[in-house]
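A short write-up of the structure that comes next.
In what follows, chains carry the letters A, B, and so on, assigned in the order in which the sequence lines appear, proteins first and then strands, with residues in each chain numbered from 1. Side-chain atoms are counted along with the backbone in the values below, which use heavy atoms only and exclude waters and symmetry mates. As the structure is a prediction and not an experimental result, all values here were calculated from the model.
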Amino acid sequence: MSIYPRTIAVGFDGSPDAVSACAWAMATGRRLEAHLVLVHARGLLDRFDRRDPRALFGDVVSELATRHAFNEARLSWHVADGDACSVLLRCAEAPVFADLVVVGSRGRDEHAGMLIGSTSLQLAERSAIPVVIVPSTTSEYHEP
Amino acid sequence: MLITNEVPDGAGHEDPGHPERPDRLIAVREGLEDLALGDELVTVGLRSATRLELLRVHQGAYLDELGAFCYEGGGDIDEDTYATYDSWPLAQLAAGAGLAVVDELARRGDGVGFVAVRPPGHHALPDRAMGFCLLNNVAVTAAALRSAGERVLVLDWDVHHGNGTQSIFWNDPDVLYVSCHQWPLFPGSGVPSEIGGLAALDRIVNLPLPAGATGDVVARAFEEVAGPVIDEFAPTWVLVSAGFDGHRDDPMADFALSSGDFAHLATWAAGLAPAPGRLAVFLEGGYDLAALRHSVRATLSAVLGDPSANEAPTNGGPGSDQIGRTLRERASTLTLVTAQRDAEEAS
Ligand SMILES: [Zn+2]
């Protein structure tokens with residue numbers, strides 16, 4: 001069994017940090033020939049407003065894939081009801097079976113320095129698989 | 001006799017376009033007025049939950065942070081949950097209302113409580129706001145009763161799993177939490193194998209059902225799976241987390257319940273109370289105003305012993321097969337975890 005991840009899950013809520021995390025995952029995934037699963041946690045209002053992340057963020061993701069030469073055939077979406085942390089924690093299991101999870105440091109509407117809304121920290125604390133937290137120091141990850 | 005709190009509309013905790021809005025409490029008040037209870041309605045004054053009462057279920061750092069966040073004007077806490085300048089005092093009143101109602105029930109030794117408050121509470125975790133909820137209202141009251149030596153059943157029929165309440169009482173043998181909810185659905189927790197911590201095995205009963213579930217299936221899940229656990233637990237108090245977002249007209253989820261189904265569930269819940277004055281119904285979700293009004297009326301008429309509803313009970317929906325799976329999954333998890341615990345204790 002390879003020690004390199006075959007399936008990388010990326011938390012994607014459309015926030016600038018999520019875009020950064022996705023760019024990092026695409027650059028890394030391309031080199032490892034890994035599959036990328038964009039994971040979106042559907043909250044109460046997502047459902048109330050009938051928002052579909054694939055329709056909302058599809059263009060952004062395609063553009064990122066082009067920029068990082070990531071083959072879109074190796075890319076899929078996983079949309080699950082729940083809060084971001086519990087949905088990302090379950091990515092190690094069926095149907096995603098990820099062996100690495102990548103998130104931005106702050107999700108949509110998360111506030112710096114607050115206990116409330118710190119998905120990435122809780123995830124790192126509780127995840128059964130390795131977690132990469134892509135910092136928000138740049139608005140988007142650029143390949144070296 | 002119905003004992004309720006003064007019902008403010010919670011104005012001040014509001015966000016334009018957000019479904020968890022002050023009009024909800026106006027609909028609830030209309031449902032209450034529809035009953036025309038006259039002298040049989042007793043209203044107790046509002047009071048805030050104290051810090052000590054909140055600390056039984058929430059972490060101090062979270063309370064400080066939420067208070068400061070509101071004081072600075074509030075905003076979005078997560079993608080679903082907001083707070084405003086007024087939210088902190090209003091949330092403390094919402095958390096205190098159950099305490100005031102239960103005090104009055106205990107003093108009289110009679111009547112049924114109805115705690116009509118917002119923001120709702122059952123998603124609020126010890127250290128986090130979530131799912132429209134800031135403070136866990138029902139848990140604050142359950143924890144107060146428990147600290148007075150009572151054994152508390154929390155029955156949750158909101159269409160969403162009450163992950164906050166489950167988390168707060170996960171390892172508490174004196175609180176039994178039972179939830180029937182749509183699954184999969186937000187918040188993603190509430191599977192049958194979540195049965196409680198090592199100190200409180202079998203004190204969590206989760207009854208997930210698929211979209212489209214009707215009243216007959218929900219009632220069977222509660223009665224067949226949770227019924228025996230409740231009998232064995234023998235609660236001295238029964239608190240209901242009554243969300244009405246399982247109504248077929250509610251925009252938030254896909255259960256197919258009617259107001260008549262809520263009347264049926266409420267009759268069952270009332271039968272679980274060991275004595276008069278030991279049952280209180282707490283408002284959780286419910287976002288279609290007409291459905292909310294009629295469901296509140298149906299629920300309260302039933303707990304008062306004279307059920308009446310504008311809609312007939314529903315039946316024939318999916319989920320019967322899930323009930324058997326839930327029973328098996330609970331039993332196998334209990335066997336497994338008990339064996340692990342015994343092995344650890346022996347070594
Ligand atoms: Zn709900």
### Message
Taking ring-ring contact (aromatic ring centres under 6.0 Å, His included) as the definition, give me every residue that meets it alongside B:His160, ordered by chain and number, with sequence neighbours left out.
### Response
B:His123

#### Entry: B:Ala95 to B:Leu54 - nearest heavy-atom pair and separation
CB-CD2, 3.9 Å

### Query
Is it the side chain or the backbone of B:His161 that comes within 4.5 Å of chain A heavy atoms, both, or neither?
neither

### Query
Which residue out of B:Pro19, B:Pro184, B:Ala68 racks up the most heavy-atom pairs below 4.5 Å with chain A?
B:Pro19

### Query
Does B:Arg51 have any salt bridge (charged side-chain N to carboxylate O under 4.0 Å, His left out) partners at least two apart in sequence or in another chain, and if so, which?
B:Asp64

### Task
Could you go through the salt bridge (charged side-chain N to carboxylate O under 4.0 Å, His left out) check for A:Asp81 and A:Arg47 one step at a time?
CA-CA 9 Å; A:Asp81 288 296; A:Arg47 207 181 161 90; 3.6 Å; yes

### Query
So, do B:Phe69 and B:Ile77 sit near enough that their side-chain heavy atoms are less than 4.5 Å apart?
yes

#### Entry: Partner residues of B:Ala94 under the side chain to side chain contact (heavy atoms under 4.5 Å, CB included) criterion, sequence neighbours left out
B:Val117, B:Asn137

### Message
Quick check on the structure: residues of residues 285-295 of chain B within a heavy-atom distance below 4.5 Å of chain A, by number.
### Response
none

### Task
Begin from the C-alpha positions of A:Arg42 and B:Asp80 and carry the test salt bridge (charged side-chain N to carboxylate O under 4.0 Å, His left out) through to its verdict.
CA-CA 10 Å; A:Arg42 187 161 49 184; B:Asp80 292 325; over 6 Å; no

